[in-house]
There are 2 protein chains.
Amino acid sequence: MAVTIKDVAKVAKVAPSTVSRVIADSPRISEKTKKRVREVMVELGYHPNLIARSLANQSTQTIGIVFPNSGDLAFQNPFFSEVLRGISEELHEKHYVLQMTTGKTDEEIFDDVVKMVQGKRVDGIILLYSKVDDPVTDFLLEKNFPFVVIGKPNEKAEQITHVDNDNITAALDGTNHLLHFGHERIGFIGGNKNLMVTLHRLEGYKKALEEANIPIREDYIIHEEFLLEGGQEAVKELMTLQKPPTALLVVDDLMSLGVLRTIHGMGLEVPKDISIVSFNNALFAQLATPPLTSIDIHILDLGVEAVKHLIARIENPKEPIKRIIIPHDLLVRSSSDFCIEKTNH
Amino acid sequence: MAVTIKDVAKVAKVAPSTVSRVIADSPRISEKTKKRVREVMVELGYHPNLIARSLANQSTQTIGIVFPNSGDLAFQNPFFSEVLRGISEELHEKHYVLQMTTGKTDEEIFDDVVKMVQGKRVDGIILLYSKVDDPVTDFLLEKNFPFVVIGKPNEKAEQITHVDNDNITAALDGTNHLLHFGHERIGFIGGNKNLMVTLHRLEGYKKALEEANIPIREDYIIHEEFLLEGGQEAVKELMTLQKPPTALLVVDDLMSLGVLRTIHGMGLEVPKDISIVSFNNALFAQLATPPLTSIDIHILDLGVEAVKHLIARIENPKEPIKRIIIPHDLLVRSSSDFCIEKTNH
DNA sequence: TTGTAGGCGTTATCAG
DNA sequence: CTGATAACGCCTACAA
């Protein structure tokens with residue numbers, strides 16, 4: 001059995017409560033006894049049992065991270081490593097600890113959350129996704145349990161603190177970048193249509209075209225989860241239209257890699273034949289051939305801010321609901337350039 | 001205050017201990033009372049407090065994952081998402097929960113581990129790295145705390161259960177693949193020289209050349225952490241040697257992307273001018289241009305097995321030390337082909 | 001400034 | 001088959 005507060009108390013010839021107070025560095029203990037007790041603590045190699053402390057305190061200093069129903073592949077997106085890194089950094093700063101859900105299906109994930117919350121294992125929760133009709137969100141809301149979501153909740157967004165990008169403007173900026181290069185036939189390649197990000201970016205894309213008085217062509221818009229087999233066909237179709245786009249807005253770097261490959265396989269060149277603007281600025285965006293022009297949405301900061309506001313909420317339950325927007329910026333690299341057709345005129 | 005076992009007991013008119021036994025589904029309780037107690041549990045919305053249970057049980061059903069001193073960039077390597085996915089899956093299967101370290105420096109990480117262990121927050125630990133003179137390893141060994149490492153421990157490997165690939169053979173296979181294509185001038189691009197993986201793969205590379213009676217040229221061997229700025233120069237130097245390699249063995253897909261780009265930037269083509277064999281088979285290996293021939297080391301399984309053996313050890317402290325080797329296989333895609341010089345002869 | 005005692009929510013040991 | 005009762009290790013009134 002490990003050394004407890006009582007053992008320390010005995011050896012230091014004080015009461016257990018005194019030891020407890022020394023641990024908490026209570027001002028009501030004389031420096032002299034503090035010193036002695038501390039000496040005994042190192043002498044015996046005492047370390048507080050955090051589980052016991054949690055029980056007494058009703059607080060675990062632990063927060064739970066909920067991953068989306070991963071569909072296996074989604075998890076491979078560097079987005080998650082990156083938010084996790086931000087979350088992790090800030091949690092460390094705040095002396096909190098991190099626990100993750102491990103469920104794969106929606107039901108399993110829901111059970112995980114219920115267990116975390118009802119089992120009193122975490123003080124707060126961060127949702128790494130937002131989807132329609134999410135029972136997890138409803139549950140947390142109903143329990144009035146501290147949580148924040150990364151992304152924009154589809155419902156009751158005004159009751160939920162969330163950290164997001166302005167994806168509409170981001171897509172608008174990306175599209176404008178292409179417009180400035182003289183492109184007029186711009187395609188959009190999006191991900192899962194149920195995700196808010198996709199919808200917002202599509203909206204920004206359309207808005208930019210509208211503002212430029214360019215009609216929106218539905219056959220220029222494609223939705224693919226990942227560009228492995230199926231997605232490539234879609235891109236090929238797009239590129240073999242009578243008037244194929246001269247530029248593409250692709251909502252994710254991973255997808256851009258696939259697009260790059262498909263385009264290359266068709267004997268076309270980027271950016272000579274077609275320009276690409278991508279999203280997320282993953283590490284490999286700059287390693288791609290050619291390096292991708294990509295919109296950096298500061299994924300790390302999404303994580304950092306989520307933690308900050310969650311903890312604020314935990315430590316002060318009256319903390320108001322907030323909507324935090326993380327800025328984005330366009331990193332111009334080699335995958336986007338002037339529209340050749342245009343410059344030839 | 002949440003509903004406890006006592007509340008249930010009161011309403012069901014039984015003793016708290018009886019409720020506890022119902023939860024554990026003890027055979028010594030009549031079906032009749034079980035039924036009644038269970039009804040009351042749902043009626044009151046009872047959920048066990050897992051913290052309290054942990055304290056009473058001296059077991060948390062939680063395992064801690066220790067990440068390497070990430071140097072920020074390393075964490076972006078999909079290797080970690082992938083092991084984590086394997087770990088997560090298997091933990092879920094076994095009804096365990098996952099906690100992560102959040103420290104960045106070696107000292108912080110060490111403190112995290114000490115806190116997890118001494119604070120009794122976890123029942124076991126998985127180390128996602130192995131390095132020389134690791135105080136974490138020493139600490140766990142000394143405490144005789146259940147842990148397993150992914151990769152091969154540099155010291156006391158025979159006292160530590162670990163899950164690894166046969167990286168020597170893997171590199172040998174990759175090199176042989178290139179040799180079969182007629183390549184004789186094969187370069188090696190490795191990562192951090194302090195990591196066991198790098199060393200083992202280098203060893204396998206050399207072994208293959210030796211077996212083929214091809215002299216090892218030190219100027220064909222490069223070590224770069226990541227191929228952002230610096231690494232590219234190194235590759236350029238390599239490719240501008242008087243007799244540049246016609247093929248490369250690159251120890252990581254992420255690095256391969258960088259290599260691909262550098263080579264392309266020099267006006268060379270893969271695989272026509274130079275073949276590449278890569279490692280890890282990350283999702284983007286198949287999305288690259290051209291799709292990368294890569295050695296799949298089954299990262300997911302590394303995670304799964306680590307968990308299996310860790311839990312075996314936790315549940316049976318006399319479980320013997322083991323060394324588990326996960327098989328690898330070479331996935332031939334388009335980045336490797338016959339050596340042109342050779343076929344021209 | 002320090003000690004005593006009760007509680008946090010469970011489980012486990014003994015009786016009965 | 002079920003009920004008291006004592007841990008598990010720490011915190012915190014309340015007393016002294």
Side-chain angles (χ1 to χ4, degrees), chain A residues 1-38 40-41 44-62 97 114-123, chain B residues 1-38 40-41 44-62 95 97 115-123:
Chain A
M1 209 78 323
V3 19
T4 78
I5 227 173
K6 286 183 192 166
D7 302 319
V8 176
K10 219 165 285 173
V11 177
K13 297 199 202 310
V14 294
S17 53
T18 302
V19 179
S20 176
R21 289 186 188 109
V22 172
I23 295 170
D25 199 17
S26 159
R28 317 189 316 185
I29 300 286
S30 73
E31 283 307 323
K32 210 177 108 202
T33 39
K34 270 190 192 174
K35 182 152 171 283
R36 195 176 67 236
V37 171
R38 289 202 179 108
V40 175
M41 292 197 317
L44 301 189
Y46 169 80
H47 285 268
N49 180 321
L50 300 175
I51 296 290
R53 178 181 291 176
S54 289
L55 185 59
N57 276 342
Q58 306 283 56
S59 131
T60 58
Q61 298 283 108
T62 301
V97 141
V114 172
K115 235 177 162 181
M116 277 181 171
V117 173
Q118 309 275 37
K120 302 266 185 297
R121 280 223 246 228
V122 299
D123 296 342
Chain B
M1 208 76 326
V3 20
T4 79
I5 226 174
K6 287 183 190 166
D7 302 320
V8 176
K10 218 164 283 171
V11 176
K13 298 199 204 312
V14 293
S17 50
T18 301
V19 178
S20 175
R21 287 193 270 254
V22 172
I23 294 171
D25 199 16
S26 159
R28 316 188 317 183
I29 299 285
S30 75
E31 282 306 323
K32 212 178 108 201
T33 38
K34 270 189 190 174
K35 182 154 171 284
R36 194 175 68 234
V37 171
R38 290 202 178 109
V40 174
M41 293 197 319
L44 300 190
Y46 168 79
H47 285 267
N49 181 320
L50 300 175
I51 296 291
R53 177 178 293 175
S54 290
L55 184 59
N57 275 343
Q58 305 283 59
S59 130
T60 58
Q61 299 282 110
T62 301
H95 305 291
V97 141
K115 236 177 162 181
M116 278 181 170
V117 173
Q118 308 276 36
K120 302 264 185 299
R121 280 224 247 226
V122 300
D123 296 342

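Just so we're clear, the structure is a prediction, and the values are computed from it rather than from any experiment. Protein chains get the first letters and strands the later ones, always in sequence-line order, with residue 1 at the start of each.
- Between A:Thr33 and C:dT2 there is a side-chain polar atom (N or O) within less than 4.0 angstrom of OP1 or OP2.
- The interatomic distance linking B:Lys35 (NZ) with D:dT2 (C1') rounds to 19 Å, in whole Å.
- Across D:dC10, C:dT11, D:dG3, the shortest atom-to-atom separation from the side chain of B:Ile5 is found for C:dT11.
- If you take NZ of A:Lys32 and C1' of C:dT2, they are 13 Å apart, rounded to a whole angstrom.
- Taking the side chain as every heavy atom from C-beta outward, A:Tyr46 and A:Ile23 approach each other to under 4.5 Å.
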Given the rule in the side chain to side chain contact (heavy atoms under 4.5 Å, CB included) test, do B:Met41 and B:Val3 qualify, once you have shown the distances and angles that lead to the verdict? CA-CA 9 Å; B:Met41 293 197 319; B:Val3 20; over 6 Å; no
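- Contact annotation: the side chain of A:Leu44 never approaches that of A:Lys10 to less than 4.5 Å [non-hydrogen atoms, C-beta and beyond].
- Here the side chains of B:Thr4 and B:Asp7 are in contact, with some heavy-atom distance below 4.5 Å.
- As rounded to whole Å, 12 Å separates atom C1' of D:dC10 from atom CD1 of A:Ile51.
- A residue-by-residue look at B:Lys120 and B:Lys34 shows that B:Lys34 has its nearest nucleotide of DNA chain D further toward the 5' end.
- Inter-residue side-chain proximity for B:Val97 and B:Gln61 is flagged as unmet; no heavy-atom pair is nearer than 4.5 Å.
- Each of A:Arg53 and B:Pro27 has a nearest nucleotide on DNA chain D; the 5'-most of these lies closest to B:Pro27.
- Residue contacts shown for A:Val14 are limited to sugar-phosphate atoms, with no base heavy atom under 4.0 Å away.
- No donor-acceptor pair closer than 3.5 Å links the side chain of B:Asp123 to the backbone N or O of B:Ser59.
- Residues A:Asp25 and A:Arg38 form a side-chain contact, since some pair of their non-hydrogen atoms from C-beta on lies under 4.5 Å apart.
- Taking the side chain of A:Leu55 as heavy atoms from C-beta on, and the options C:dT10, C:dG9, D:dA4, the nearest nucleotide is C:dG9.
- In this structure, B:Lys6 places its NZ atom 8 Å from P of C:dG7, rounding to the nearest Å.
- Rounded to whole Å, the distance from CZ on A:Arg121 to C1' on C:dG9 is 14 Å.
- Checking C:dT1, D:dT2, C:dT10 against the side-chain heavy atoms of A:Ser30 singles out C:dT1 as nearest.
- Within the 4.5 Å cutoff, no side-chain heavy atoms of A:Arg21 are placed close to those of A:Thr33.
- Side-chain contact check for A:Thr18 versus A:Ile29: some heavy-atom pair is nearer than 4.5 Å.
- Atom pair A:Leu50:CG and D:dC10:P shows a separation of 9 Å (rounding to whole Å applied).
- Around atom NZ of A:Lys34, more than 12 heavy atoms belonging to other residues, nucleotides or ligands sit under 6.0 Å away.
- Over its length, the helix from C:dT1-D:dA16 to C:dG16-D:dC1 turns its helix axis by 40°, as judged from the five terminal pairs at each end, rounded to 10°.
- In this model, the phosphate group of C:dG9 is approached by a side-chain N or O of A:Gln58 to a distance below 4.0 Å at OP1 or OP2.
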If you restrict it to nitrogen or oxygen atoms, what contacts under 3.5 Å exist between nucleotides 12-16 of chain D and the protein, and what is each distance?
unit_1	atom_1	unit_2	atom_2	d
D:dA13	N6	A:Arg21	NH2	2.9

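- For B:Ile29 and D:dG3, the CD1 to P distance is 8 Å, given to the nearest whole Å.
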